[in-house]
There are 2 protein chains.
Amino acid sequence: MPRSATIRTPASCTCDTGGRILLAAEQLFSEQGFDAVSVNAIAMRAGVSKANVFHHFNTKIALYLAVLLRARHDADAHLRSLECGEGTFATRLADFAGNHLARLLEQEQLSRLILRELLTIGPCRAQQLAEHVFEENFRRFVLILRAGQESGELRRDLDPAVVATILLGANVFFFEAKTLLRHFRDVGFVETAERFTDMLIDILLHGIRPTPRHSHRQPPRGSGTTRNTTAASRRDRERK
Amino acid sequence: MPRSATIRTPASCTCDTGGRILLAAEQLFSEQGFDAVSVNAIAMRAGVSKANVFHHFNTKIALYLAVLLRARHDADAHLRSLECGEGTFATRLADFAGNHLARLLEQEQLSRLILRELLTIGPCRAQQLAEHVFEENFRRFVLILRAGQESGELRRDLDPAVVATILLGANVFFFEAKTLLRHFRDVGFVETAERFTDMLIDILLHGIRPTPRHSHRQPPRGSGTTRNTTAASRRDRERK
DNA sequence: AGCCTGGCTGACCGAGCGGTCAGAATTTTG
DNA sequence: CAAAATTCTGACCGCTCGGTCAGCCAGGCT
C-alpha cells in the first residue's frame, strides 16, 4: 500500500514533499479555480513529477479537499486564538469586524477559494465543508450579538442574524470588489482596511441619518497616523 | 464568409438557433463556470451540433463574452427603467436596495456568473466588462447618496462610497450565502427578501443601538401579510 | 552482502477538450 | 425550375486532461 490513505495532518507542511504539493495547490486553486488548474501545473510549481502528486493524494479532488480542510483548520485556530470576552459590546463588535476583514485580506488566496466554492451550487464537491467553515464564525458572531442584546447595548427588536449578515457581507464585498473599487472614482477607502472597519462600525452603531453628535465633526477625512493596533485605541470616544 | 462576424444583437433570442445556443450557454456557464462547461454540453442542451455552435460563435470565449454582454444589456435596461427621482431619501434608498436584491435573485444565474468573474483576478478574460456592469450601478447609487447629503437627510461626515459598499455588500452576501444561511439555525429571514431589505434599511438609518423609538416595538417577528409592493407601503412611519 | 520498503519518476493510456472541414440539407434568389 | 447562399452536421485533428504502471533509487535491516 504505497499510497498514503490517511489524510495528511494539516500541520508540518512546508518542508516535506506533501506540504510543497499542498502549498502549490492552494496557490493555484485559489488563483484560477478547481477546473482551470491541471495536476501537471501543481506538480511543476511544487517541483515534483505529476505521478508524485498522485502518490501523495489519490485523486485531484482529494488534493482539493485537503486544501480546503487546511483552510478551515487555520481559520478556526486563528479566530479561536483571539477569543475575546472582555470589553464593551462596541469594542467587541469592532474587534470582530476588524479581525475578520484582516484575515480575509491576509489569507487572500484561501478566501477566494472558499468564496468561489460558495458560488458553485448543488450538493457537489465540498459545499458542506465550506458550510462548516462559515457556520463556526457565524455562530460565534451571533453569540456576541445576543450578549449585546441581553446587556442592553443592542436593540432587542433586531434579528441578530441580519446584523451578522450585514457586517460579514460588508467585509466580504469589500474583499471581493476591492480590485474593482480601486478603479472607481468616489472611492478612497480601499487601501486602508482599518478606516473601512471604523466607518462600518460607526454606521452600524449610529445609523446614517444626521444626529447632533455627528453634525459638527466634519473633517475626519485626513489620514492621520491612526494605525498599528487593530481596534484598541480607536474607541476612545463613545462608550456606553 | 459563413461565420457571423458581427456580435449577435442581444434582443431576438429565444426562437432562432443562435438564441437557443446563447440561452443554453448562459445557463450552463452560470451553473458551473467557464472552464467546467464544454461546448459539446452547450450544443446538446441547445439541441444542435457542436459544429453549429462554432458556426454562430467563432470561439468558446466569444460565446462567453456574448453571454456577459447580454447580461449587462439586460441589467442596464432594467435598472434604467425604474430610474426614480421622487420620494424622500429613505424611500429612494429602500427602493434601490429592494430592487437591487430582487434583480440579483431573479437573475440568479447571471448574478453568479458575474460574481464568479469578480473572483478571477488578473487582466484575463472580461474583467473590464464586469467592471462596467458594477460601475454603472455604483455611480448611480453614490449619486442618490450625495443628494441625500445635500438635502440633509444623510450625515455629511460619511463617505458615500462606504455606505454604498455596505448596502451592496449586504445584498450580494445575502445572495451568495443564502443556500448556506438556510441551513443555519438562528436564521429565519432567508426566504423573504423583502424582510431582509426592511431590516437592512432600518439598521442603516437608525443604527443598531437602542433608542427610545425602538425600545417599545418588540415583536415584529410575526410574518404578516406585508408583501407584493416592493417598498411603497412600508415607509408609513418615520419620514423626515 | 542481499533484500526489502517507500518515495519518486518517465512513459503511457483512454477520454474529452476546443476547433476544423467537406459536404448534406435547407432556404433564398434568379 | 436551377443556381447560389446559408444553415447545419458527422467525422476528424491535435492536444491536454486525470490517472496508471513498471521500475529506479536511496536507506534501513538482518
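So that the names make sense, note that chain A is the first sequence line, chain B the second, and so on, each numbered from 1.
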Rounded to the nearest angstrom, tell me the gap between atom [atom1] in [X] and atom [atom2] in [N].
X	N	atom1	atom2	result
A/Asn52	C/dG6	CG	C1'	11 Å
A/Phe54	D/dG19	CZ	P	5 Å
A/His56	C/dG6	NE2	C1'	10 Å
A/Ile42	D/dC17	CD1	C1'	12 Å
A/Ile21	C/dG7	CD1	P	11 Å
B/His55	C/dT26	NE2	C1'	12 Å
A/Asn58	D/dC21	CG	P	13 Å

Over the length of the helix from C/dA1-D/dT30 to C/dG30-D/dC1, how much do the five-pair end axes diverge, rounded to 10 degrees?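 The angle, to the nearest 10 degrees, is 10°.
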Phosphate OP1/OP2 of C/dG7 contacted by A/Thr17 side-chain N/O (<4.0 Å):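 Negative; the distance criterion is not met.
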A/Thr59 vs D/dG18: side-chain N/O to OP1/OP2 distance below 4.0 Å: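 For A/Thr59, the contact criterion (side-chain N or O under 4.0 Å from OP1 or OP2 of D/dG18) is not met.
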By ring-ring contact (aromatic ring centres under 6.0 Å, His included) - contacts of A/Phe141 (at least two apart):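 Once residues adjacent in sequence are excluded, the partners of A/Phe141 under the ring-ring contact (aromatic ring centres under 6.0 Å, His included) criterion are A/Phe96.
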ring-ring contact (aromatic ring centres under 6.0 Å, His included) partners for A/Phe175, two or more places apart: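 Counting only residues at least two positions away or on another chain, A/Phe175 forms no ring-ring contact (aromatic ring centres under 6.0 Å, His included).
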Dump every N/O contact between nucleotides 13-17 of chain C and the protein below 3.5 Å, one line per pair.
from   : atom 1 : to      : atom 2 : distance (Å)
C/dC17 : OP1    : B/Ser38 : OG     : 3.0

Contact list for residues 168-180 of chain B, test salt bridge (Lys or Arg N to Asp or Glu O under 4.0 Å), sequence neighbours left out: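 Matches after skipping sequence neighbours: B/Glu108-B/Lys178.
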Which residues pass the side chain to side chain donor-acceptor pair (under 3.5 Å) test with B/Gln32, not counting sequence neighbours?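 None.
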Applying salt bridge (charged side-chain N to carboxylate O under 4.0 Å, His left out), can you list everything that pairs with [X], at least two apart in sequence or on another chain?
X	result
A/Arg45	none
B/Lys50	none
A/Lys60	none

Is a side-chain donor or acceptor of B/Arg112 paired with a backbone partner of B/Glu31 at a separation under 3.5 angstrom?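 Between the backbone of B/Glu31 and the side chain of B/Arg112 there is no qualifying donor-acceptor contact (under 3.5 Å).
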